[in-house]
Each structure stands twice: as structure tokens, then as C-alpha cells.
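Just below is one structure, and these are the notes that go with it.
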There are 2 protein chains.
Amino acid sequence: MTRRIGIKDVAREAGVSAATVSLVLNDRSSHRIPAVTQERVRRVAAEIGYAPNTLARGLRTRQTRTIGFVSDRIATTPYAVRMIEAAQDAARANGHLLFLVNTGGDPELEREAIATLQAQQVDGFVYACMWHRAVDVPPTLPTGSVLLDARPVEGDFPAVVPDDRGGAVAAVQELVDAGHTRIAYVDIDEDPAPLASGLRLAGYLEVLERAGITPDPALHVRGESDAAGGREAASRVLELPADRRPTALFCFNDRIAMGAYAAARHHGMEIPTDLSVVGYDDQQLIAAELDPPLTTVALPHAEMGRWAVEVLLGARDRPSAEEGPVLMPCPLIRRDSVGPPPTRQQPGRRRA
Amino acid sequence: MTRRIGIKDVAREAGVSAATVSLVLNDRSSHRIPAVTQERVRRVAAEIGYAPNTLARGLRTRQTRTIGFVSDRIATTPYAVRMIEAAQDAARANGHLLFLVNTGGDPELEREAIATLQAQQVDGFVYACMWHRAVDVPPTLPTGSVLLDARPVEGDFPAVVPDDRGGAVAAVQELVDAGHTRIAYVDIDEDPAPLASGLRLAGYLEVLERAGITPDPALHVRGESDAAGGREAASRVLELPADRRPTALFCFNDRIAMGAYAAARHHGMEIPTDLSVVGYDDQQLIAAELDPPLTTVALPHAEMGRWAVEVLLGARDRPSAEEGPVLMPCPLIRRDSVGPPPTRQQPGRRRA
DNA sequence: TTGAAAGCGCTAACAG
DNA sequence: CTGTTAGCGCTTTCAA
């Protein structure tokens, strides 16, 4: 490979010193260099195709304009990927590059990743999870790192997580507003329960209470987090006697909602005529493709990803320390799976 | 921030020179340094928590052990993400780190990304697409870069793409082996047609020919690449007169297959009893969750991702130049949507 | 076997 | 205003 062209080459061609080139190319306005000189330097630099060596610069300035992005997985859903894309876009917008490392959640690998990244002199770390979790932050994670889709079990780190409770409120309120009073929560059955499960439950209960509806424990069911589990769990409430049967389902996620669709079909109910359904996650491959398209709550992955790097780079104010993680709003996405409750006496009909 | 500890600190503590430390820590066997000295240096280094500054090292050695990964998107399907995870894992296995940049396919951004990464002195580039495409490689992409899920329109770059034709062969052969002779290809309707569309068609026709089945043009239909499109397209063949109607569907992708399921249901057909279906992509959120679970063909994302960085880093032989892209096999994933063709005279029955 | 010295390409004081 | 000088932390001849 031929020698890379450096600042000296520019200096020689432009008839100035290397220092001047550096000054010009970095817009050091403190040293008012005459416009003509600047112009000449820039022209020469462009002509001979000069590009700074950021290693050398970083060595000197102790700033690399790179950030370490360590996450458990890259993504499990197509939407979570937005988190990374948005983070990368925000990094670029601020003149930074992202080192991506996924550790599979292995603490040993996390250690190693952090060490490697520190050796690279990254300017900061984003520590990301692909589900809203409470995490034991790796002890070697430097102060000032920011957590993405994760809240620290302990330690004082800026963190951003989805407002799961608020999202649930929006979802259930949508159902209440449509006139429903018997609303089931088809929860996820996982141990330990994900944070989102409890938060969404809280939102669900909050709306019921505000609407003066007494929660019926029989309407809170749990199933495996997939279509089969959702179908099974939804079936349980759909088989309740007519007077206790829900007219609407708030599902923990879209996959469960997908199962709920199957259960409804199996019970001869049509959506949204006989049964309204709201999901969560807005997984494009599911929510939009279900028949009818599913009303659901979107996770603000992109917003969170951007937030994290902007806070890290100081492009956005750090949240005041002791206020807990920032809650990013989860917008309700209205599609066609919510309608008014059916008029009495005709649930469970087969084709007319 | 307190001064970082460097090689000099180790040298001082160990009572040797910086050069010796470097020699020991880098296993320069040419300089046979006595075991005791080595031991002492290593111990001190560990004790005081020395970690090399890779910028300084890179500046000196002109090797950064980083690689630039530029892709159009990060991922559109949850599986494509495996490509990046696998690439990152392979990089780590070879002591490298990945700079991730997604450009949205914007040539201007690509230029910029390549320049920025070059300024970072990356050791090499992976240029990735999220669909199997023929790409105009950006003119500034250095020779030696490797293409991932993309074949160069021109230029000589190592490249790896899925063996779409082979995957289609496996899929359709599965159907033929089950006894089907009237097999439709529910293709994608997109302009320009993705490479995969034609390749899978070729595979489809190849199997038919080998099985002595004359292709019926009416059985090659196209629909939008989503469930609705798949449903609509599948309906068209399902509504053919009984003697021309297919008993099996080979779908361009799993979303279309999902629509085919809906169409089958709508026509009162059960899968796989009345109709067999095979998809493509093995999108976990769809394929495994459909009822019944979908037999499909998996895209070898992880294998391709690993291949790309291994070739880039020389951990695997470069394919000989003029042989075109490497075709990575697409394995058939057998689930429950394929069965023997129905015995005559009872398609379209409603519930018994 | 080890240390001294010379940079890698750049920035930042400090002179002039 | 601009050039000289002195490193950033490491590797690598070369000499001792």
C-alpha cells in the first residue's frame, strides 16, 4: 500500500507548516488565519485527497469520537433494531461512530467487551438491552455510561425505558372509550415476570379504577409468550359464562394477540364485531398483517436509541440524577381490531 | 479523569524498559526474554491493571483490528439481524471490533461512511445488504472489501449470497416427494423483481422438469409481499377449477404463506390435509407460530455473516476471483404444513 | 538479553 | 499570523 497522505503533504504543497494546516482544517478561530491562506490550504487538501488520521488525532486529543454500544443481543424483534439504527444515526449526526458489540448477556463477555472498547479509547458507552429490564450494571462499566431499555438495579446512570404503564393506560382507555367494561388482560407467563408485565398490569388497573370498573380477577390470565400460549390463555376467558365473558382483550404483546385472534376464530367470534383486541409492541410483521389489522401500542425504540446517544454525547441534557429512568411514551397505534362491545345475546354464533 | 496507566508505568514498576514490556506483552519470541522477567512483567501489568492503548498501537503498526461494516439497513427481519450478530462474533473470535454504519442505501451517505471509516484506519470493509441484491459497489469502497448478501454488478469482490435456487429446489422437491404434481408458485410482485424471485422460480421449474411435470403457467401467480397480497394471490389459484387447482403452494416468503393460510381457510381447506404449503425465509415470528407451523426454507444469515468477516480477515480462503458469489445453502425447515395431496373429490368441503 | 531512540500523524503551547 | 517544538502511547530497529 502506498504511503497515506498526511498533513505534512498538505503543508508542503500549500507552502505552510503542518501546524497551520491543522489550525485551518480544524477551524481554530482563535488563530485568525487570513482567508487566502485558509482557502489555499483547503484547496490543496481537497486536491491531494487529504483525510486526517483519526488515530493520531485521538492519541493526541484523547477524544476518539467513537462510542461503544454494548447490548445483550442485537435484536429479537425487527422493531428493536430501530433502537440501534437510531443510535447510530444520532451518533453520526454528532460526528461519532458506533462500535457494536453484543454479548448475549454473558457477564464474562461484557467485561471483555468493555475492556476492549476502553482500550479503543471510546468516548463513552451505551449499555443496551433488548427488553425493558432491571440490570446489574457490569462493575467495570464507566460512570457516565447511559442505559438503554434498561434501568440499573443500583448505581447512578442515566437510563431510558419505555413507559409501559402509560402505554397500557392508552390501550385500555381506548377499550373503555369504545364502551367496554369487561376487559381481560392476557398477560405473559414468564418467571421472573418481565418488568413490562407488572407495569402494564398497573396501567390496566389504573384505567379500570378510573372508569369505576371493578377488576375481575378471572379476567387476568397468563399464557406463554407466543401465538399458541396466547390462544390458550385467551380461550380460557372466552369460555367463561356469557355474563362474565370479556368483550375486549388487552394482550401483553402482539404475538399473544395473534393467538387471541385464533382463539376468537375458534370460538366463532369476529374481530372487532364480537371481540375487541389490543396488543403491544407493534411488531410490523404481525400487527399490521393480522386480519383485521391489530390496534396496538408501539415501543419507542427509535426515540430511546436516539435519546441514549444524545445524552451520552451531551447533545441533550442529562436527566437529573435521582429521578429514576426516563419514561419514553408508547404511542397507541389505532388499526381495526377495536369496536364497540357487541349488543347482548349473540356471542358465539356460528355463521349467520 | 486520572491519567491512564501506560506501558511506562509497567516498565517502572517491573524495573525494566518500556521496550521490554512491549516485547513481553506481545510475545515477541525473537527476543528471548528470560522467563522470570516475562513473569514479572506480566504480573505487574495485571496488578496495576495495564491495558494497551490501541490507538497508539494502531498508529504505529497501521493495524487497528477494527473492521467497517456498512449496510443499507441494519435489518428488516429479525433473522437478518443474525447476519450482524454472526459478523460481530466472528470479528471478536479474530480479535477484531466492528464499526457499524447503516446508510439507508444513500450513495452520499455511503461515501461519507467509507471515508470516515477509512480515517479510522479500519483494516477492512464488509459491505452488506439486507436482501440478496445486485449492487453498484460504491466507487470508493477499497479493493479487498467483501460483499454480504450482495453480488457486485461489476468489480471483483468476494461476495456471499444465499443459494435461493437451491433452497427453492429443496422446497419444491419436498412437495414432489410428498406426491404433489400440481404445485403453484406464489411469487412476489415487485418491480424490479428481486433476484431471489427469479432464482426461486428457476429452482421451482428445475424440480418440476426433473419430475416430469409440465409447468402450468396458471400456477405461477404474483402478489404483494405481505399477508394480504399472499392471500389474494393464493386465492386466485385456489379458485381454479378442481382439475387445475394446485394441491400445494410454494410461497416466495413466509408472509405470503401467511396470507395463503388465510386464503385456504377462507376456501374451507385445511392445511396440510387439503393443501400443502411451503414458505421461504423462516421468519421466526411467523413461520413457527402459524397454525399449523410452516415448513419453510431458512436463509443462512448467520453463516453468511460469519463467512464475510472470516474471508475479510483471512481466516478463510478467499473464493477464487472469477467464480461469482459464493452460494450459501438454504436449509429446508420441516414443520407441519406439508402432507400428501388430498384424495380426489373432496376439496372445498366445509366442516364434515 | 535489554535499553535507547526514533518515529506513527496529529495537536497545542509558545515563540516570534 | 505562523512556525517550531514537544509530545500522545506504543512498537521496533539498532547498539550495547
Side-chain angles (χ1 to χ4, degrees), chain A residues 1-42 44-45 48-66 116 118-123, chain B residues 1-42 44-45 48-66 116 118-123:
Chain A
M1 191 194 287
T2 119
R3 220 182 98 272
R4 279 185 60 81
I5 64 191
I7 204 173
K8 288 182 186 166
D9 302 293
V10 181
R12 184 167 15 79
E13 295 295 319
V16 296
S17 77
T20 304
V21 175
S22 173
L23 258 18
V24 170
L25 263 23
N26 292 301
D27 273 329
R28 282 284 168 284
S29 40
S30 48
H31 295 256
R32 316 207 102 281
I33 291 174
V36 268
T37 310
Q38 296 206 20
E39 153 63 14
R40 181 156 35 92
V41 168
R42 280 191 231 281
V44 170
I48 68 178
Y50 167 73
N53 179 326
T54 38
L55 292 193
R57 174 183 296 170
L59 187 56
R60 191 61 238 249
T61 61
R62 343 194 103 264
Q63 273 226 99
T64 54
R65 304 187 80 77
T66 61
T116 309
Q118 283 194 124
Q120 289 283 346
Q121 318 296 118
V122 294
D123 293 342
Chain B
M1 191 193 289
T2 117
R3 221 182 98 271
R4 280 185 60 82
I5 63 190
I7 205 173
K8 288 183 184 163
D9 302 293
V10 181
R12 185 167 12 79
E13 295 294 320
V16 296
S17 77
T20 304
V21 175
S22 173
L23 260 16
V24 171
L25 263 24
N26 292 303
D27 276 330
R28 282 283 167 283
S29 41
S30 49
H31 294 253
R32 316 208 101 281
I33 291 175
V36 270
T37 310
Q38 296 206 21
E39 152 63 14
R40 181 156 34 91
V41 169
R42 279 191 233 280
V44 170
I48 68 178
Y50 166 73
N53 179 327
T54 36
L55 291 193
R57 175 182 294 171
L59 186 56
R60 193 58 239 249
T61 62
R62 341 196 103 261
Q63 273 225 100
T64 53
R65 305 187 80 78
T66 61
T116 309
Q118 282 193 127
Q120 288 284 345
Q121 319 294 120
V122 295
D123 293 342

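Labels below follow one simple rule: chain letters A, B, ... track the order of the sequence lines, proteins then strands, and each chain is numbered from 1. All figures in this text were calculated on a predicted structure; none of them were measured in a lab.
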**Q.** Between D/dT12 (C1') and B/R57 (CZ): distance, integer Å
**A.** 13 Å
**Q.** Rounded distance (nearest 0.5 Å) linking atom CD of B/E39 with atom CZ of B/R42
**A.** 8.5 Å
Q) Taking for each residue the nucleotide of DNA chain C bearing the nearest heavy atom, is the 5' side occupied by B/A56 or by B/T37? A) B/T37
Q) Got a donor-acceptor contact below 3.5 angstrom from the B/T64 side chain to the B/G58 backbone? A) no
Q: Remember a base hit wins even if backbone is also touched, and classify A/T54 as base, sugar-phosphate or nothing at under 4.0 Å, heavy atoms.
A: nothing
Q: Rounded to the nearest angstrom, tell me the gap between atom CG in B/L23 and atom P in D/dA15.
A: 17 Å
(Q) Output the rounded distance in Å from CZ (B/R4) to C1' (D/dG9). (A) 10 Å
Q) Does the B/N26 side chain pair with the main chain of B/R28, one donor and one acceptor, at a distance under 3.5 Å? A) no
**Q.** Spacing between B/L55 atom CG and C/dG7 atom C1', to the nearest angstrom
**A.** 17 Å
Q. Roughly, in whole Å, what's the span from NZ in B/K8 to C1' in C/dT2?
A. 18 Å
Q. Ignoring hydrogens and geometry, is there a side-chain-to-backbone donor-acceptor pair from B/Q120 to A/T54 under 3.5 Å?
A. no
Q. Separation of A/R62 atom CZ from D/dC10 atom P, in whole Å?
A. 10 Å
Q. Separation of B/R28 atom CZ from D/dT13 atom C1', in whole Å?
A. 13 Å
Q. With respect to the side chain of A/S17, which nucleotide from D/dT4, D/dC8, D/dC10 is positioned closest?
A. D/dT4
**Q.** Proximal nucleotide (of D/dG3, C/dT11, D/dT12) relative to the B/A19 side chain
**A.** D/dT12
Q | Minimum-distance nucleotide (side-chain atoms of A/N53 versus C/dC10, D/dT11, D/dG3) | A | C/dC10
(Q) Taking the minimum atom-to-atom distance to the side chain of B/R60, which one of D/dT11, C/dA4, D/dA6 wins? (A) D/dT11
Q. What is the distance from CD1 of B/I7 to C1' of C/dG3, rounded to the nearest Å?
A. 13 Å
Q: Rounded to the nearest 0.5 Å, what's the gap from CG on A/N53 to CD1 on A/I5? Could you check?
A: 12.0 Å
(Q) Counting the atoms with a prime plus P, OP1 and OP2 as sugar-phosphate, which does B/T61 contact under 4.0 Å by heavy atoms, base, sugar-phosphate, or nothing? (A) sugar-phosphate
